[in-house]
Visitor: 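One structure is given below, represented as structure tokens, and several questions about it will come after.
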Amino acid sequence: MLIITGKDISKAYGTDIIFEDVCFGVEKGDRVGIVGANGTGKSTLLGIIAGDIEATSGNLYIRNDFNIGYLRQQNHFGGSGTVRSQAEKSFTHFFEMEKKLESLQLAIADHESDSFEKDLEEYTRLMEEYEQKGGYTYKSELGAMLTHMGFDEEAQKKEISKLSGGERTRLALSCLLLSKPDVLMLDEPTNHLDLHMLEWLEAYLDSYKGTIMVVSHDRYFLDRITNRIFDLGGGTLEAYTGNYSTFLVKREEHLEAMRREYEKQQAEIARQEEMIRRFKQHGTEHLAKRAASREKRLAMMEIKDKPKLKQNRMKLSFEADFKSGGEVLEAEDLSKSFGARKLFDHTGLLIRKGERVCIIGDNGIGKTTLLKILMGLERPDNGYLRIGYNVNFGYYDQGQLLLDENETVLGEMKNAYHLYTDTEMRSLLGRFLFTGDDVFKQVRDLSGGEKAKLSLLKLMLSGANTLVLDEPTNHLDIESKEIVEEALMEFEGTLLIVSHDRYLLNTIPDRILELTEHGLVEYKGKFDYYLEKSGRSSGHSSDETGSTAADKGRDELELTRKIVKDSEAERKAKKQSEAEERRRQRRAESVENRIHEIEAEIADIQDEMSLPENSSDPGWMHEKASKMAALEAEVTDLYDEWMELQ
């Protein structure tokens, strides 16, 4: 059942076209992932569907009986109140039912009342509705939701006005999930979630009964959640069936097919133009008409655009100006608290030159604080720290707080690296897709992705031999994330990274360190190894009974048999079609070769007839003219056959 349909939807801001004439449909129960580079209009498309943004043109249809819940990237709660009171607003309908039930209880207490029977009937009906909708479980559900989203009992009492940006996003997501809309639209829901929260959210969404549309740059999340992908780019939208990994394969196949179709059409155009030239060359009325017909058809042909297989890519590489000593840093028995709140204690580690170490842990455990302590930017409460010989730290700050918000892009870079000329610096900025007047933008006006790229450029130019990166893939689109990962893999220095990007965690580290309040737990491998050794599973849980599994197995067997049968029929039909196509091509080649032979023979006769010594022999000239006429007639027939074979 189609519940959302977009036809020829376009959005432009002045002359800046975000996307144009995009069409899509969303079925009930779909799990749609919307992907694309930064600036291609993913959030804009969600905003149009939600009614926040007005499309420039096009038609949008949403079924009236389906309600939409929308998680925006920026969420602002008005008024006062606590985390708990804000979340409770998702259950206003239960509060109203409870008040009504209390009123009815008082009414039916008077058995002599004239309305007793009517009130009792209404009370019974309302109690059944209350139970069916989850009235007896919503309070425990609310508490569990907030706990899973990182709000313990103490945090639930926190005033909304004192929440950080990440806490606001997690609260908004909690409230939205509690409201259970028919269509769940999520814009970057995995931002600000730690690994435990991510795994819980994936399990929750996996069992969600409604329809889901999600914008995300989290490749792991998209693989787990989606069964369709909308790919936005170049002002168009392409829809693919399958999760993100399936989409990557299908998109490459689609792009390759587009390239082949384009090249095939270009070859056909060149051949038709050559045929038109040859038709005209013969000068016969019949072939002249053929030429005019071919010219008309060629003019009406819809010319395919040359597919743009590669977009402009950020060019990132890290090189150290000099090497560090063998031991980069050593820490023993570090501890850190803020007032009565303890982050961690008894924390120690040893990092050697060339190692790639990733640190993971729950939100608020102190990962960023630990990085700053290890670089000597912040003092621990207790413990020992030694930084090795010739160690030069390069720091990527996840909040981009090291950027001057009041500077321009070019000014920010010139302040940090003043020996570069403007021309050299603009060339470097161009490698990070800051082109033209982009270099004169104020840093405060940049998007999160643009700030991240600017910080990465500064880090690239630092020449540091030890890169300390705090969530380096946050705010980046998927292609940019992959470029960062490639650059980090090629870096010959030392890496210390805090991240919850599970693709990165499965690509970069030699070992993973999990920070807990009692120190670091080491896992000598990548993320899959961590999942295995920590006793956590990345797979979905299943509640299927044995009989259900058996039924599923039988269904899969029947489906397999059908697929095999259909495949055999398809192979047979394809084989027959291919044989016919080969016969047609062989005949077309034979006809074309004969045309070339005749045209060469006609050209020879014309050359002979143009010689002065032959013009004095009328009999010979008549014989050659007759032969040339016969050849012209034959080549005309051959052209007719050749065109039918096309």
Visitor: Which pair of heavy atoms, one from D218 and one from L198, lies closest together, and at what distance?
Guide: OD2-CD2, 4.1 Å
Visitor: For residues Y136 and Y130, establish whether the separation of their ring centroids is below 6.0 Å.
Guide: yes
Visitor: Would a distance-only check, ignoring hydrogens and angles, find a side-chain to backbone donor-acceptor pair under 3.5 Å from N191 to N474?
Guide: no
Visitor: Output, in order, the C-alpha distance, side-chain angles, deciding distance and verdict of side chain to side chain contact (heavy atoms under 4.5 Å, CB included) for E405 and K451.
Guide: CA-CA 10 Å; E405 294 280 304; K451 287 181 179 178; 3.2 Å; yes
Visitor: Looking at side-chain heavy atoms only, is the closest gap between V35 and L222 below 4.5 Å?
Guide: yes
Visitor: Within the side chain of T408, is there an N or O that forms a donor-acceptor pair under 3.5 Å with the backbone of K441?
Guide: no
Visitor: Keeping the roles fixed (side chain from Q156, backbone from F151), state whether a donor-acceptor pair exists under 3.5 Å.
Guide: yes
Visitor: Looking at L178, is its backbone amide N or carbonyl O close enough to the side chain of S90 to form a donor-acceptor pair, meaning the two atoms are under 3.5 Å apart?
Guide: no
Visitor: Salt-bridge test for E167 and K162: reply yes if a basic N is under 4.0 Å from a carboxylate O, no otherwise.
Guide: no
Visitor: Does the side chain of M213 come within less than 4.5 Å of L186's, by heavy atoms?
Guide: no
Visitor: Please report the shortest heavy-atom distance between M197 and H148, naming the atom on each side.
Guide: CG-O, 3.3 Å
Visitor: Hey, are the side chains of K42 and H217 touching, using non-hydrogen atoms and a 4.5 Å cut-off?
Guide: yes
Visitor: What's the verdict on side chain to side chain contact (heavy atoms under 4.5 Å, CB included) for L467 and L496, showing C-alpha distance, side-chain angles and the deciding distance?
Guide: CA-CA 6 Å; L467 301 183; L496 182 59; over 6 Å; no
Visitor: Could you tell me whether E153 and K157 make a salt bridge, using a distance below 4.0 angstrom between a side-chain N and a carboxylate O?
Guide: no
Visitor: Would you confirm whether K158, through its side chain, and L163, through its main-chain N or O, come within 3.5 Å as a donor-acceptor pair?
Guide: no
Visitor: Ignoring hydrogens and geometry, is there a side-chain-to-backbone donor-acceptor pair from N506 to F527 under 3.5 Å?
Guide: yes
Visitor: Identify whether the distance between the nearest side-chain nitrogen and carboxylate oxygen of K100 and E96 falls below 4.0 Å.
Guide: no
Visitor: Does either side chain, that of Y503 or that of D223, offer a donor lying less than 3.5 Å from an acceptor on the other one?
Guide: yes
Visitor: Restricting to non-hydrogen atoms, name the atom on F221 and the atom on R502 that form the minimum distance, rounded to 0.1 Å.
Guide: N-NH2, 3.7 Å
Visitor: Kindly say whether E202 contributes a backbone atom to a donor-acceptor pair with the side chain of R224 at under 3.5 angstrom?
Guide: no
Visitor: Strictly distance-based, threshold 3.5 Å: is any side-chain N or O of S534 a donor or acceptor partner for the main-chain N or O of Y530?
Guide: yes
Visitor: Out of curiosity, L173 CG to L201 CG, how far, rounded to the nearest 0.5 Å?
Guide: 5.5 Å
Visitor: Among L371, I365, I497, exactly one meets side-chain contact (heavy atoms from CB on, under 4.5 Å) together with I359. Which residue is that?
Guide: L371
Visitor: Ignoring hydrogens and angles, state whether a donor on the side chain of N363 or H192 is under 3.5 Å from an acceptor on the partner side chain.
Guide: no
Visitor: Check whether any side-chain heavy atom of E486 sits under 4.5 Å from a side-chain heavy atom of L316, and report yes or no.
Guide: no
Visitor: Can you name the closest pair of heavy atoms from Q398 and T368 and give their distance?
Guide: NE2-OG1, 3.7 Å
Visitor: Enter the distance from S10:OG to D21:CG here, rounded to the nearest 0.5 Å.
Guide: 4.0 Å
Visitor: Can a donor-acceptor pair be found, under 3.5 Å and without considering hydrogens, that links the side chain of E252 to the backbone of V249?
Guide: no
Visitor: Should the pair E238-K250 be classified as a salt bridge under the 4.0 Å nitrogen-to-oxygen rule?
Guide: no
Visitor: Is it the case that the side chains of N243 and T226 hold a donor-acceptor pair, with the cut-off being a distance below 3.5 Å and no angle test?
Guide: no
Visitor: Does the side chain of P472 come within less than 4.5 Å of L504's, by heavy atoms?
Guide: yes
Visitor: Could you measure the distance from the CD1 atom of I9 to the CG atom of L60? Nearest 0.5 Å is fine.
Guide: 5.5 Å
Visitor: Can you see which heavy atom on F66 is nearest to which on V183, and at what distance?
Guide: CD2-CG2, 4.5 Å
Visitor: Within a 6.0 Å radius of atom CG on D437, are there more than 12 heavy atoms belonging to other residues, nucleotides or ligands?
Guide: no
Visitor: Atom CG of D182 and atom CD1 of I62: how far apart are they, to the nearest 0.5 Å?
Guide: 11.5 Å
Visitor: What residues, two or more places apart in sequence or in another chain, satisfy side chain to side chain donor-acceptor pair (under 3.5 Å) together with R31?
Guide: none
Visitor: Are the side chains of F434 and K453 in contact, using a 4.5 Å heavy-atom criterion?
Guide: yes
Visitor: Could you check whether K11 makes a cation-pi contact with Y13, meaning its NZ or CZ is under 6.0 Å from the centre of the six-membered ring and within 45° of the ring axis?
Guide: yes
Visitor: Just wondering, do S455 and D397 contact through their side chains at under 4.5 Å, heavy atoms?
Guide: no
Visitor: Identify whether the distance between the nearest side-chain nitrogen and carboxylate oxygen of K367 and D362 falls below 4.0 Å.
Guide: no
Visitor: Just by distance, with hydrogens left out, do D30 and T211 show a side-chain donor and acceptor under 3.5 Å apart?
Guide: no
Visitor: Is it the case that the side chains of T137 and S140 hold a donor-acceptor pair, with the cut-off being a distance below 3.5 Å and no angle test?
Guide: no
Visitor: Search all heavy atoms of Y70 against all heavy atoms of S43 and return the closest pair with its distance.
Guide: OH-O, 3.8 Å
Visitor: Would E532 and K526 pass as an ion pair if we require N to O under 4.0 Å?
Guide: no
Visitor: Both conditions, 6.0 Å and 45 degrees, for the charged tip of R228 above the ring of Y240: are they met here?
Guide: no
Visitor: Taking the basic N atoms (NZ, or NE/NH1/NH2) and the acidic carboxylate oxygens, is any pair closer than 4.0 Å for E485 and K481?
Guide: no
Visitor: Going through the checks in order, is the side chain to side chain contact (heavy atoms under 4.5 Å, CB included) test met by R63 and M1?
Guide: CA-CA 10 Å; R63 285 184 63 102; M1 178 200 302; 3.7 Å; yes
Visitor: Looking at CZ of F24 and CG of L237, how far apart are the two atoms once the value is rounded to the nearest 0.5 Å?
Guide: 7.5 Å
Visitor: Nearest 0.5 Å, please: how far is CG in D206 from OH in Y204?
Guide: 12.5 Å
Visitor: Given 3.5 Å as the limit, does a donor-acceptor pair link the side chain of T56 with the main chain of A12, or not?
Guide: yes
Visitor: Can we say D501 and R219 salt-bridge, meaning some charged N sits less than 4.0 Å from an Asp/Glu carboxylate O?
Guide: yes
Visitor: With side chain to side chain contact (heavy atoms under 4.5 Å, CB included) as the criterion, how do L488 and L495 come out once you've worked through the C-alpha distance, each side chain's angles and the decisive distance to 0.1 Å?
Guide: CA-CA 8 Å; L488 293 176; L495 296 175; 3.8 Å; yes
Visitor: How about V409 and E412: do any of their side-chain heavy atoms sit closer than 4.5 Å?
Guide: no
